[in-house]
J.: 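Handing you a structure now.
The model shown is predicted, which means the values in this text are computed figures rather than measured ones. Just the heavy atoms: all of them, side chains too, but no hydrogens, waters or symmetry mates, feed the values below.
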Amino acid sequence: VLMLYPDRVTVCVSTQAGCAMACGFCATGQAGFTRQLTVGEIVEQVVVAARRGREMGRRVGNIVFMGMGEPLANEPAVHGAVQRLHDDIGISARHLTVSTVGIVPGIRRLRDWDEPVNLAVSLHAANDELRDRLVPINKRYPLEELMEACADYLRGRGRRLSFEWALIDGVNDRGSDARELADRCHRLPLDAHVNLIPLNSTPGYPTRGTPPDRVDRFRDELLGLGVNVTVRRNRGNDIDAACGQLAAGQPPSTPVQYRPRS
């Protein structure tokens, strides 16, 4: 996905066809896993995007591994792609971001890569009870383990760490959620950046995203708690290419409905 901004051009690349992480609010997770992508297939996405960018007089400056799939479940190919983008194409590691839903062993290996890339963690909940429901891999790598791995990454790298938070109406957008998230951020050795993402609609997940006014209220609550936070405005909804919508035409599995907490 080629994303054009006034001050930069970013390409969001996929690392798998489908995804086995089974996050119910994500179209890729709803469709399930098909196969791993190769190093060449990952790098080719950047090459094609860069060519399209040049046709528009723009240069790709940032690459995020946030498309279809869990990058750290295909770590050898992802690392191979990072090496080629860094060494052969000349893209600085500070312009490369690897995203994960919380594969703790992969985060620890990422810390030891020669290329000091940025890390983004799809958090979405700051307590285990809710995160178990939203992000099933949390049952294997619960929050305390995940946060310690993030802290080790920060101590070892000193690079940017961001938490992605898809705001779901009545599920993870309350004041208590903001306070729990702020507490998690403040316990890290370096400040984390929180990226709020209003949930995008998918066929297999009927629960709606948080309305804009409450997105802003949640952001303001975090700011008041001393958290570095921004809101990612939706881009690509018109072509089903926004965050969480990529599914390559695969049908969703049984719809998942999360009830708002009382």
J.: Could you check whether any side-chain heavy atom of Pro198 comes within less than 4.5 Å of a side-chain heavy atom of Val231, counting everything from C-beta outward?
T.: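 Result yes, sub-4.5 Å side-chain heavy-atom pair found.
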
J.: Testing the basics here: between Glu164 and Arg232, what is the closest heavy-atom pair and its distance to 0.1 Å?
T.: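 For Glu164 versus Arg232, the nearest heavy atoms are OE1-NH2, 2.6 Å.
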
J.: Does CZ belonging to Arg94 count more than 12 external heavy atoms closer than 6.0 Å?
T.: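 No.
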
J.: Do the side chains of Glu44 and Arg51 get close enough for a salt bridge, i.e. N-O under 4.0 angstrom?
T.: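 Judged by the 4.0 Å cut-off on N to carboxylate O distance, Glu44 and Arg51 do not form a salt bridge.
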
J.: Could you tell me whether the side chain of Trp165 reaches within less than 4.5 Å of the side chain of Val229, counting heavy atoms only?
T.: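 They are not in side-chain contact.
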
J.: Could you point out which residue of Val117, Asn118, Asn62 forms a side-chain contact (heavy atoms from CB on, under 4.5 Å) with Leu96?
T.: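 The passing option is Val117.
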
J.: In plain terms, say whether Arg219 and Asp216 are close enough for a salt bridge, that is, a side-chain N and a carboxylate O under 4.0 Å apart.
T.: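 Answer for the salt bridge query: yes.
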
J.: Do Arg184 and Glu180 meet the salt-bridge criterion of a basic N to acidic O distance under 4.0 Å?
T.: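 Salt bridge absent between Glu180 and Arg184.
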
J.: Please enumerate all residues that pass ring-ring contact (aromatic ring centres under 6.0 Å, His included) together with His79, with sequence neighbours excluded.
T.: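 By the ring-ring contact (aromatic ring centres under 6.0 Å, His included) rule, His79 matches Trp113.
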
J.: Is it true that a side-chain atom of His124 and a backbone atom of Ala166 form a donor plus acceptor pair closer than 3.5 Å?
T.: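 Yes: the side chain of His124 pairs with the backbone of Ala166.
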
J.: Take Arg214 and Leu167 through the side-chain contact (heavy atoms from CB on, under 4.5 Å) test and state the conclusion after the steps.
T.: CA-CA 9 Å; Arg214 295 207 343 259; Leu167 281 166; over 6 Å; no

J.: Roughly how far, to the nearest 0.5 Å, is the CD1 atom of Ile107 from the CE atom of Met147?
T.: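 The distance works out to 10.0 Å.
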
J.: Between Thr100 and Glu70, is there a side-chain donor-acceptor contact under 3.5 Å, judged purely by atom types and distance?
T.: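 There is such a pair between these side chains.
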
J.: For Glu129 and Arg133, run side-chain contact (heavy atoms from CB on, under 4.5 Å): C-alpha distance rounded to whole Å, both residues' side-chain angles, the deciding distance at 0.1 Å, then the answer.
T.: CA-CA 7 Å; Glu129 185 274 330; Arg133 293 162 52 202; 3.6 Å; yes

J.: For the atom pair OG1 (Thr15) and CD (Glu75), what is the distance rounded to the nearest 0.5 Å?
T.: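 Going from OG1 on Thr15 over to CD on Glu75, the span is 11.5 Å.
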
J.: Taking only Lys NZ, Arg NE, NH1 and NH2, and the carboxylate oxygens of Asp or Glu, determine whether Asp183 and Arg179 approach each other closer than 4.0 Å.
T.: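 Salt bridge flag = no for Arg179 with Asp183.
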
J.: Give, for atom CG of Leu119 and atom CZ of Phe163, the distance between the pair rounded to the nearest 0.5 Å.
T.: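 With rounding to 0.5 Å, CG (Leu119) is 8.0 Å from CZ (Phe163).
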
J.: Please report the shortest heavy-atom distance between Gly158 and Leu190, naming the atom on each side.
T.: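 Heavy atoms of Gly158 and Leu190 come nearest at CA-CD1, 3.9 Å.
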
J.: How far apart are the C-alpha atoms of Ile137 and Val101, what are their side-chain angles, what is the distance that settles it, and do they pass the side-chain contact (heavy atoms from CB on, under 4.5 Å) test?
T.: CA-CA 8 Å; Ile137 197 66; Val101 294; 3.7 Å; yes

J.: Please report the interatomic distance CZ(Phe218) to CG(Asn172), rounded to the nearest 0.5 Å.
T.: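 So the gap between those two atoms works out to 6.5 Å.
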
J.: Salt-bridged, Asp177 to Arg174, with N to O below 4.0 Å?
T.: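 No salt bridge links Asp177 with Arg174.
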
J.: Under the criterion side-chain contact (heavy atoms from CB on, under 4.5 Å), I'd like the reasoning laid out for Val13 against Leu37: C-alpha separation, chi angles, the key distance, then a yes or no.
T.: CA-CA 11 Å; Val13 301; Leu37 298 188; over 6 Å; no

J.: Nearest 0.5 Å please: distance from the SG atom of Cys150 over to the CG atom of Leu123.
T.: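 Output value for this atom pair is 8.0 Å.
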
J.: Could you tell me whether a side-chain N or O of Asp173 sits under 3.5 Å from a main-chain N or O of Thr210, the two making a donor and an acceptor?
T.: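 No; judged by distance alone, with no hydrogens or angles, the pair does not exist.
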
J.: So, for Ala126 and Leu143, which heavy atoms are closest and what is the spacing to 0.1 Å?
T.: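 Nearest heavy atoms, Ala126 then Leu143: C-CD1, 3.3 Å.
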
J.: Between Val227 and Cys185, which heavy-atom pair has the shortest distance, and what is it?
T.: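 Heavy-atom minimum between the residues: CG1-SG, 4.3 Å.
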
J.: Starting at CZ of Arg131, measure out to SG of Cys23 and round the result to the nearest 0.5 Å.
T.: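 The CZ atom of Arg131 sits 8.0 Å away from the SG atom of Cys23.
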
J.: If you look at every heavy atom in Asp169 and Pro211, which pair is closest and at what distance?
T.: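 Taking Asp169 first and Pro211 second, the nearest heavy atoms are OD1-CD, 3.9 Å.
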
J.: Does Leu4 belong to the same Ile/Leu/Val/Met/Phe/Trp/Tyr cluster as Val47, with side-chain heavy atoms less than 4.5 Å apart forming each link?
T.: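 In one cluster with Leu4: Val47, yes.
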
J.: Please check if Val11 and Met56 belong to a single hydrophobic cluster, counting links between Ile, Leu, Val, Met, Phe, Trp and Tyr side chain heavy atoms closer than 4.5 Å.
T.: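 Yes; Met56 is reachable from Val11 via cluster members.
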
J.: At their closest point, which heavy atom of Leu154 faces which heavy atom of Pro189, and how far apart are they?
T.: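 Between these two residues, the closest heavy atoms are CB-CG, 4.0 Å.
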
J.: Quick check: do Met21 and Ile103 have side-chain heavy atoms less than 4.5 Å from each other?
T.: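 Side-chain contact under 4.5 Å: yes.
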
J.: Look at atom CZ of Arg159 and say whether more than 12 heavy atoms of other residues, nucleotides or ligands are closer to it than 6.0 Å.
T.: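 More than 12 heavy atoms, drawn from other residues, nucleotides or ligands, come within 6.0 Å of this atom.
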
